[in-house]
Amino acid sequence: MYPFPWVLFLVAAVGMTVSAEPLRPGFYSETCPRAEFIVRDVMKKAMIREPRSLASVMRLQFHDCFVNVLYKSVQFHDYFVHEFYFKPAFVLIQGCDGSLLLDDTADMVGEKQALSNINSLRSFEVVDEIKENLEDACPSTVSCADILVLAARDAVALSGGPDWEVRLGRKDSLTASQQDSDNIMPSPRADATSLINLFAQFNLSVKDLVALSGSHSIGKARCFSIMFRLYNQSGSGKPDPAIEPEFREKLNQLCPLGVDENVTGPLDATPRVFDNQFFKDLVGGRGFLNSDQTLFTSRRTRPYVRVFSKDQDEFFKAFVEGMLKMGELQVEQPGEIRTNCRVVNDRPVDVLMSY
């Protein structure tokens, strides 16, 4: 599917933050000076129309940046010369490249249909609106990948969370893959150990994991994601014992057996305000998702949950650090500036070659 895999492998081996041109603040200061204002203005309007859209748009960055095919070294034995050698079975590609936004085509099933995305991710129309406004102001200048990073930052700031300077200059991918997304995105059933291992593959620490999980300070999730917690945790036929009893009763009322599993519930007690209530809820056994509550039941992540539950400023600081690190998961590869975030250009513009 991707040409010259050995060359791409060499790029992958260097590290995950390699890019053709270093990301930097103020990247569009000369080519599109109003770019960041335009993004925030559209996000403000989206918030007025539907407050939940802020959380939905923020999630898009995570689901975009975390889709990669990870390099794995596999040992082979050449029976003719009786020697062992290694070659990559997988090659690292993608990163924060707007691949999530591509619609399916006749010869490509994109990431929107992935298990963790279908019937879950939403508010793509907000990104479309941002892109249309940017194309009017500065045609073929601001990438969809950068839009996701800017919009995620603005979603946090407009919800009462921290604001920060983002580094820009990403290119948009020329393709997407449902399989790649299925292979990497964590499940709501995930435990802390699997999450720690996953984040480590992206050079993100345990602290980064816990802080970035704080993105669930705003927004909602579906009953689909917690039915097993309520009625069959680990195949026991019983609820998750980590759920606080009164909170479990509320969840039972929200998500009874036989309910439409697309019914949603808040991820914390203040789902429209970006604050540290999420961590306070975890300490009290009121985490909505298994993958959230496990951050308190695990001894490796629990200390960070406790700190963030007591010190909102410390959470905000760690969250910004994590978002900056996640936003720079980049590997040099062919790219362009899409004029429509849902489709690649008819003729690639400003293509970056990785070989």
Side-chain angles (χ1 to χ4, degrees), residues 55 58-59 62-63 65-66 115-117 120 181-252 254-255 261 264-271 274-311 314-315 318-319 322-323 325-326:
M58 179 180 61
R59 288 184 63 204
F62 175 79
H63 285 248
C65 293
F66 257 48
L115 293 174
S116 60
N117 299 339
S120 178
S181 184
D182 285 339
N183 287 342
I184 197 66
M185 290 304 298
S187 161
R189 299 186 181 214
D191 61 19
T193 299
S194 63
L195 292 171
I196 290 169
N197 292 338
L198 171 62
F199 275 61
Q201 292 173 350
F202 293 91
N203 294 327
L204 295 170
S205 67
V206 175
K207 182 179 181 181
D208 293 327
L209 160 63
V210 179
L212 289 172
S213 296
S215 63
H216 288 170
S217 170
I218 56 175
K220 298 181 177 182
R222 296 181 297 156
C223 287
F224 170 82
S225 299
I226 64 168
M227 296 302 285
F228 74 98
R229 286 194 77 199
L230 295 177
Y231 304 107
N232 193 28
Q233 178 78 337
S234 302
S236 66
K238 299 178 181 180
D240 180 0
I243 307 176
E244 191 271 329
E246 290 187 11
F247 183 62
R248 187 177 69 238
E249 286 298 318
K250 292 181 180 180
L251 294 181
N252 287 145
L254 176 70
C255 306
E261 295 187 4
T264 59
L267 286 165
D268 80 353
T270 56
F274 194 96
D275 54 17
N276 67 337
Q277 182 63 47
F278 170 78
F279 297 103
K280 295 177 182 179
D281 287 350
L282 296 187
V283 173
R286 297 184 298 275
F288 190 84
L289 300 176
N290 189 83
S291 54
D292 289 338
Q293 192 60 54
T294 188
L295 299 177
F296 188 69
T297 56
S298 169
R299 63 178 180 81
R300 295 180 65 185
T301 49
R302 186 186 303 121
Y304 293 111
V305 173
R306 288 196 184 279
V307 168
F308 296 156
S309 71
K310 297 175 181 177
D311 191 335
E314 187 63 27
F315 162 49
F319 182 81
M323 288 292 281
K325 289 169 68 174
M326 181 178 66

- Please test Q277 against D281 for side chain to side chain donor-acceptor pair (under 3.5 Å), starting from the C-alpha separation and ending with a verdict. CA-CA 6 Å; Q277 182 63 47; D281 287 350; 2.7 Å; yes
- Full working for side chain to side chain contact (heavy atoms under 4.5 Å, CB included) between C223 and L254: CA-CA 8 Å; C223 287; L254 176 70; 4.1 Å; yes
- D208/S205 under side chain to side chain donor-acceptor pair (under 3.5 Å): CA gap, chis, key distance, verdict: CA-CA 5 Å; D208 293 327; S205 67; 3.1 Å; yes
- Item | Residues L212, F199; criterion side chain to side chain contact (heavy atoms under 4.5 Å, CB included); working and verdict | CA-CA 10 Å; L212 289 172; F199 275 61; 4.0 Å; yes
- Message: Pair F279, R306 - check side chain to side chain contact (heavy atoms under 4.5 Å, CB included), show working.
- Response: CA-CA 7 Å; F279 297 103; R306 288 196 184 279; over 6 Å; no
- Apply side chain to side chain contact (heavy atoms under 4.5 Å, CB included) to D268 and D275, showing your working. CA-CA 10 Å; D268 80 353; D275 54 17; 3.9 Å; yes
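For the pair F202/M326, no side-chain contact is recorded, criterion being any heavy-atom separation below 4.5 Å from C-beta on.
A distance of 12.0 Å separates CD of Q293 from CD1 of I226, quoted to the nearest 0.5 Å. Between the CG atom in L195 and the CG atom in L209 there is a gap of 5.5 Å [rounded to 0.5 Å]. The CG atom of D240 sits 7.5 Å away from the OG1 atom of T297 when rounded to the nearest 0.5 Å. Interatomic distance, S291 OG to H216 NE2, rounded to the nearest 0.5 Å: 6.5 Å. Summarising the geometry, atom CZ belonging to R59 is positioned 8.5 Å from atom OG belonging to S215; distances are rounded to the nearest 0.5 Å. Distance OG/S217 to CG/N276: 8.0 Å, rounded to 0.5 Å.
Nearest heavy atoms, F247 versus E244: N-OE1, 2.8 Å. In terms of heavy-atom proximity, D292 sits nearest to L267 at OD2-CD2, 4.4 Å. When all heavy atoms of G237 and N232 are compared, the closest pair comes out as N-OD1, 2.7 Å. Here the shortest heavy-atom pairing between Y231 and N252 reads OH-ND2, 3.4 Å. Between N290 and P188 the shortest heavy-atom distance is CB-O, 3.2 Å. Pairing each heavy atom of S309 with each of K280, the nearest pair is O-CE, 3.4 Å.
The backbone N or O of D191 lies less than 3.5 Å from no partner atom in the side chain of T294, so there is not a single donor-acceptor pair. Checking side-chain atoms of S234 against main-chain N and O of S236 turns up no donor-acceptor pair under 3.5 Å.
Ring orientation note: the planes of F315 and F308 are tilted relative to one another, at an angle of 30° to 60°.
Within a 6.0 Å radius of CD in E246, other residues, nucleotides and ligands contribute 12 heavy atoms or fewer.
Residue F288 is tested with L251, L282, T264 for a side chain to side chain contact (heavy atoms under 4.5 Å, CB included); the sole match is L251. The side chain to side chain contact (heavy atoms under 4.5 Å, CB included) with P239 is formed by just one residue from the set Q233, R248, R229; it is R248.
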